[in-house]
Every structure is written in C-alpha cells, then in structure tokens.
2 protein chains.
Amino acid sequence: MSNDKVDLKMSQCEEVDHASVESCSTHSCSIVEPGSNLAIEKQLCFSLYSTANAIVRAYRPMLKALDLTYPQYLVMIVLWSNNGINIKDLGQILHLDSGTLTPLLKRLESKHVLTRQRGENDERVREIFLTEQGINLKNQAETVPEKMLCKAKLPLEELLELKKGCDRLFENLIAE
Amino acid sequence: MSNDKVDLKMSQCEEVDHASVESCSTHSCSIVEPGSNLAIEKQLCFSLYSTANAIVRAYRPMLKALDLTYPQYLVMIVLWSNNGINIKDLGQILHLDSGTLTPLLKRLESKHVLTRQRGENDERVREIFLTEQGINLKNQAETVPEKMLCKAKLPLEELLELKKGCDRLFENLIAE
DNA sequence: CACAATTAAATTGTGTGCAATTTAATTTGA
DNA sequence: TCAAATTAAATTGCACACAATTTAATTGTG
C-alpha cells in the first residue's frame, strides 16, 4: 500500500546514490521520474506531517466532548501532573513557545479550567493553576487514550517502535 | 532518553491493563502517577506531533532560500511531477482541503511560481500550472532532501521503518 | 548603588489546517 | 427540459505554530 523509500539519499551528506530508487505511487495521477528525490510518496517527512495532521483530526471528535483542542488537551495533561507550572517549563515539556502558549492559555482561562497567576517572588513568571473544573475534567479525559489506541488499530508493540523512532528523530532535529 | 509506553493501553478498546506502566520522566518537575494513561512522555501521538513540528522548523532555513514554506514546498513537489493538476487531485495527494490550498496557491501565484487557470471543459475546476520560474525552482530544491537526511542523522533503514509505521498509522486513522 | 545584560511573557504578523458554509457550474432524473 | 442534486472551489471563522520584536522584571557587575 505504501512505498518504501525516503525523502533523501544515502547518509554522510555527500554521497548520493542515484540508483536503487523505484516503485510506483499509491496516488492518482503522479508520474514520478524514477530516481527523483522529490517524489512525494517517498518522503518520510511528508508521511510524518500527514500523520500528525491525521492524529489531530482523529482526536477532534473525542476532545470536542471536553471542549478542548488537541494542543489544549496536551496542556491539560501536563497540568494534571504539574499544577502551578510556569509557561517556560510548560513550553519546555510541550516544545512550544510563549507565542503559542500565551493565547492558548488565555482561551483555557476563559473556559474556566485554569487561572494564570503572577509568580510570588518573580513578577515576570506566570504560574498556571487548574480550577476545580479543570481538575475534574481529568475524569472525562481518562478514556481518551484508550479510544485513540482503538482508532490506531495497530499492535502496541508497533506503536512503541514508532514512538521510539519519532523520539530519536526529534532529538536529532532539535540538536541544533 | 525517552520513555517507551504509549498513550493508551491494551488493544481491543475494552480491556484496560492498569499494571505494567512505570518509569520516570525526562522532564523537569513531572510527578506522574504510575499507571496513568495521561502521562505526556508516554504518548506516541505527542511524539509524532512534536516531531512533525520539529520537521517543519528544520526545513524552514533550507526553504527560506527558495522563498517557500514547507506546505508550499510540498505543493511544488507535486507540481513538478503533475503540472496542470487541479485542486481536488492536489488535495487528495497532499491530504489537504481547498480551505488550506486555495489561499496557499494564491500566495504561490503572487510569488509568480504558478498560475491558477479555469478548466477548459469545466469552469468549476482550477488547474495549476507552473511558470518558468516555478519550473526552474526545482533545480534549487533538488538538494533539499539530502540536506534533510543529513539533519535527521539516522540510518536510512531506520527512517524507512519510521515511514512505514507512519503510513500504516495514517491509513488506519483516515479509514473513517 | 546604578545600569547593562538577561530573562519571562506578551505582542505582532504571517501562514497554515480545517470545519462549516457559500457560490457557481455541471450533472441527473422525473 | 429544467429543477434538484451533486460537485469544485472559495469563503469564513477559529486556533494553532513560530519568528521577531517588545515590555517589564530581575540579576549581575563595576
């Protein structure tokens, strides 16, 4: 069903192997020149990008019941274990910056699931606290991971491998 | 460096195994209750989401030289092999809808790399054609995949496995 | 102590993604 | 044939991501 060739070519950033590429597309009308590195079906990055979008779409109906978006759900997950965390630490855990988090947290505040308080000692810091409502939301959220596993329809072993691969790639990409 | 447990729990959408979860966080202050499915470090979906964001960030400096964003680059890749494709087919290949593509294509048109023409037979259809400039951009783009592989710093074999896993997950998630 | 450097958030601006709706053209079927 | 159904894009509205800049508070240093 899917092709197996990646994005790019042999490692080492120099040697490029222009043989050994082939096989034909899953998709409609593509007539890809054999050997091209610019074939969309070959690109790991595209697969990963599309799958991430598909994940967010898959979560949407489940999270709608909690009135949360996927990034909001991620923030809530962190808060359920780290109530009172500040924006910098939250951003380090979620790999998001204040430009993303500040408005997102304001939206969650307007939904009354959290409050954004100034740090006692340091006025620059924002500490994020769950409200009673925010704490209670965890009960409804508990069922979400199982439902998601169900949608994934893959053995746990395979999902674990996939996660490992993503984590390894992530670490390499952010190691400036 | 990274934990290995997923998001959710044993398959079949019913049986939930509440033992067998453990190990402690990579990150700062998290005190995760053992057994919780809502631990961020355990979630495949979060890894995939973060990695997709990291990929887009990694492409940015390379694509800046071409004056393209990552989604724009994807559109160009499809066009280099499918000049004259319409928006519907383009959307099927890239898994994006007209709400995303229409404004994106307008931006690319304003950069003079493509034109958006009405279909001859069917006035509803938009056919997208590369300009001379858009065709020529391919030369500069050819080096991008190799550079990206370089940033990934993983053996090709592992990247291929990762792609396979993403493709399998993707197919399952979109199978309504 | 003063003031430059640093730090934490917030702000600004651009470009996605996508649900939902609308517009306009084409096709279907009574 | 001609109105209803379908289809392809476009539009609208909202919520991210994130680079770049700004604001305000704190820290470090002479």
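Every chain is numbered from 1, with letters handed out A, B, ... down the list of sequences.
For B/N37 (side chain) and A/P145 (main-chain N/O), no donor-acceptor pair under 3.5 Å exists by modelled atom type. Not one N or O on the side chain of A/D89 forms a donor-acceptor pair closer than 3.5 Å with the backbone of A/I85. Side-chain atoms of B/T131 come within 3.5 Å of backbone atoms of B/H112 as a donor-acceptor pair (strictly under, hydrogens ignored).
One can place CZ of A/R124 at 13 Å from P of C/dA10, the figure rounded to the nearest angstrom. We find that CD1 of A/I128 is positioned 12 Å from C1' of C/dA8, with the value rounded to whole Å. The OH-P distance, from A/Y59 to C/dA19, rounds to 17 Å in whole Å. For B/L90 and D/dA8, the CG to P distance is 14 Å, given to the nearest whole Å. A straight line from CD1 of B/I85 to C1' of D/dA8 spans 14 Å, rounded to a whole angstrom. Between A/I87 atom CD1 and C/dT11 atom C1' the separation is 13 Å, expressed in whole Å. Between the CG atom of A/L94 and the P atom of D/dA15 there is a distance of 18 Å, given to the nearest Å. At whole-Å resolution of the value, CG in A/L105 and C1' in C/dA8 are 13 Å apart.
Nearest to the side chain of B/R126, among D/dA9, C/dA9, C/dA24, sits D/dA9. Checked against D/dA9, C/dT11, C/dA8, the side chain of A/K106 finds its nearest nucleotide in C/dT11.
A salt bridge links B/K164 with B/E161: the distance from a Lys NZ or Arg NE/NH1/NH2 to an Asp or Glu carboxylate oxygen falls below 4.0 Å. Salt-bridge annotation for A/E158 and B/R168: present, with a side-chain N of the basic residue lying under 4.0 Å from a carboxylate O of the acidic one.
A side-chain donor-acceptor contact under 3.5 Å links A/Q72 and A/K111.
Within residues 108-121 of chain A, the residues that place at least one heavy atom under 4.0 Å from DNA chain C are, in residue-number order, A/R116.
Looking at B/D97, B/L96, B/V125, B/I128 one by one, the single match for side chain to side chain contact (heavy atoms under 4.5 Å, CB included) with B/I87 turns out to be B/I128.
A/I55 contributes atom CD1, which lies 11.5 Å from atom OH of B/Y49 (distance to the nearest 0.5 angstrom). One finds the OG atom of B/S47 at 8.5 Å from the CZ atom of A/F170 (value rounded to the nearest 0.5 Å).
Pairing for D/dA17 goes to C/dT14, judged as Watson-Crick or G-U wobble with the two contacts each under 3.5 Å.
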* Asked: Can you give one letter per nucleotide of nucleotides 16-22 of chain D, 5' to 3': B if a protein heavy atom sits under 4.0 Å from the base, S if only from the sugar-phosphate, - if neither?
  -> SBBB---

